[in-house]
Amino acid sequence: MSELRATDEASWWRQAVVYQIYPRSFADANGDGIGDLRGITSRVDHLRDLGVDAVWLSPFYPSALADGGYDVDDHRDVDPKIGTLAEFDDMVAALKAAGIRLIVDIVPNHTSNRHVWFREALAAAPGSPARDRYVFRRGEGPDGERPPSDWIANFGGSAWEPVGDGQWYLHMFAPEQPDLNWQNPEVRADFLETLRFWADRGVDGFRVDVAHGLAKDLTPPLPSQAELDAEDLPHGMHRLEDRDEVHEIYEEWREVFDSYDPPRTAVAEAWVDSAPRRARYASPEGLGQAFNFDLLLAAWDAAEFREVIEENLALSRTSGTSSTWVFSNHDVVRHATRYALPAGTDLKAWLRSDGTDPKPDAEAGLRRARAATLLALALPGSTYVYQGEELGLPEVADLPPDVLQDPTWVRSGGTRKGRDGCRVPLPWTATGPSLGFGPGPAHLPQPAGFAELSVERQRADEESTLAFYTRALAERRRLQTAESLEWAPDAPADVVRFSRPGGWISITNFGTDPVPLPAGRVVVASAPLPDGQLPGDTTAWLEPEA
Ligand code: GLC
Ligand code: CA
């Protein structure tokens with residue numbers, strides 16, 4: 001077990017609290033409705049007061065926003081709609097001055113269809129070097145008029161797009177996101193340059209988008225979608241994802257990371273079969289850390305939480321890393337809302353009902369979300385906080401179809417609403433055209449309830465979710481030491497209770513009846529503790545009396 005302190009320069013990430021900024025929805029300085037880098041710089045105080053260690057910035061690169069910026073035109077520039085490289089440098093400086101590090105999103109699985117490489121590929125002939133940077137295949141039929149396979153893209157619809165000469169290109173996401181060919185050495189070299197470009201600009205680490213998708217086995221004949229779905233191959237041999245050889249790419253990246261002092265860090269977004277498969281992305285010879293979505297996917301249930309925590313702590317110990325804990329991000333229904341719905345609710349169907357069927361119990365949802373967050377903040381490892389969860393924002397499920405931006409909506413033929421409901425711009429003030437997000441209206445409309453949840457309102461209220469997060473982060477910073485945890489041997493079935501070095505205790509009551517509090521001084525709690533007891537859906541931290 002590592003006894004490293006979170007404050008060690010080279011291992012700052014091991015127990016960091018990382019705040020995810022989805023830049024277009026965070027703060028809009030120039031009033032065009034889209035959040036921008038100057039907006040972020042103007043709100044660094046909020047991040048400092050909240051007490052986060054680092055920011056993870058979702059894509060801010062030039063983009064037509066076919067997929068919210070994950071369609072990147074140029075990996076080494078800033079989208080003119082949201083700023084300039086000089087403004088990026090100002091933002092980094094402001095964050096650094098506030099003691100906050102910066103992780104940027106790297107999108108290696110695909111470029112946008114406006115990337116210079118893709119334009120070159122379209123202009124070049126079939127079989128040319130320019131086309132080899134992507135995945136072009138001849139279509140079926142005499143003139144190649146049918147797609148090379150019946151594969152379905154992640155956002156719906158065919159995963160192949162024709163280019164008019166019998167050739168088709170692969171896109172596992174939107175058609176505006178052609179997949180790169182990672183067997184091409186130029187592709188590999190270019191990303192190493194991109195990593196250096198941002199590391200040289202003061203970036204501390206990278207969040208690696210779709211890290212499991214880069215290596216693909218496209219040896220003909222291509223399997224059908226049904227065959228892919230039924231694939232019963234040994235781990236590491238799946239045709240399109242989580243192939244063993246993907247780790248060779250990250251070993252090369254590691255050499256770049258380790259050429260800096262302190263070494264740059266990375267965290268993989270890898271939606272893979274199992275926690276042990278995920279651990280491979282987190283190895284110190286590879287990316288070093290990986291998002292652990294197991295708590296995000298778990299029901300609000302003590303036994304499930306305990307199991308997930310135990311498994312992930314054990315895995316991170318054996319692979320020499322620290323775990324990550326995540327409940328919300330820009331791709332999923334916000335956790336204050338997930339916990340407001342009955343366990344097992346089909347979230348896609350629920351979104352389709354505009355959030356009415358079943359009706360969420362917002363109060364219970366927020367109460368559980370606070371309890372879950374406080375529990376995760378007590379764990380060894382790093383915790384990711386998605387912008388707005390510190391305000392207890394709910395999912396906005398009733399956005400009208402005409403404002404939806406997620407390609408999922410159109411690509412699924414209007415059957416899946418997609419992810420806009422967690423990307424609604426933040427409310428900073430209780431009044432104003434976009435509640436302080438910017439001087440004008442926001443690119444997605446905010447619901448009336450956001451005014452009450454604004455930073456301005458919550459700052460003035462000691463019981464607010466914002467005040468709670470701020471307290472919890474400050475106490476965590478004070479208490480967090482070595483990365484170990486000891487389970488309480490006699491906790492009741494509905495209770496998750498453990499202690500950390502120094503003797504501080506975290507206890508969560510997943511049940512409905514209050515339970516007695518352990519001895520000690522209450523440091524912070526996710527809800528009031530009437531009669532000195534721990535009510536249902538509540539977490540408390542205690543430390544030994546001085
Ligand atoms: C990742 C991102 C998601 C994006 C997709 C394609 O899953 O988190 O927002 O749509 O990759 O880049
Ligand atoms: Ca703007």
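Ligands are counted one by one from 1 in listed order, and the atoms in each one are counted from 1 as well. Along the sequence shown, the residues carry numbers beginning at 1. Reckoned from all heavy atoms, side chains included, excluding hydrogens, waters and symmetry mates. Please read all numbers here as calculations on a predicted model, not as lab measurements.
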What class does the angle between the rings of Tyr386 and His330 fall in, given that below 30° is parallel, 30 to 60° is tilted and above 60° is perpendicular? tilted
Please identify which atoms of ligand 1 are closer than 4.0 Å to at least one heavy atom of Arg419. 3 (C), 4 (C), 9 (O), 10 (O)
Check the side chains of Tyr134 and Thr111 for a donor-acceptor pair under 3.5 angstrom, ignoring hydrogens and angles. yes
Metal proximity, Lys81 vs the Ca ion (ligand 2), N/O/S cut-off 3.0 Å: no
Quick one about Thr373 and Tyr469 (side-chain donor to acceptor, distance below 3.5 Å, no hydrogens or angles considered), yes or no? yes
Looking only at N, O or S atoms, which one in Asp28 sits nearest to the Ca ion (ligand 2)? OD1
Ligand 1 atoms nearer than 4.0 angstrom to some heavy atom of Glu269 are 1 (C), 7 (O), 8 (O)
Quick one: which ligand 1 atoms are inside 4.0 Å of a heavy atom on His110? 6 (C), 12 (O)
The atom name of the N, O or S atom in Asp36 nearest to the Ca ion (ligand 2) is OD2
Side-chain donor-acceptor pair under 3.5 Å between Ser63 and Tyr70, yes or no? no
Give the numbers and elements of all ligand 1 atoms closer than 4.0 Å to a heavy atom of Arg423. 9 (O)
Pull out every atom of ligand 1 sitting under 4.0 Å from any heavy atom of Phe155, numbered as shown with elements. 10 (O)
Give me the nearest non-hydrogen protein atom to atom 11 (O) of ligand 1 as residue plus atom name, then the distance to 0.1 Å. Asp209 OD1, 2.9 Å
Nearest-contact summary for atom 9 (O) of ligand 1 - protein heavy atom, Å: Asp331 OD1, 2.7 Å
Establish, from distance only, whether the side-chain atoms of Trp325 and Asn292 form a donor-acceptor pair under 3.5 Å. no
Do Lys417 and Asp406 sit within salt-bridge range, that is, some charged N less than 4.0 Å from a carboxylate O? no
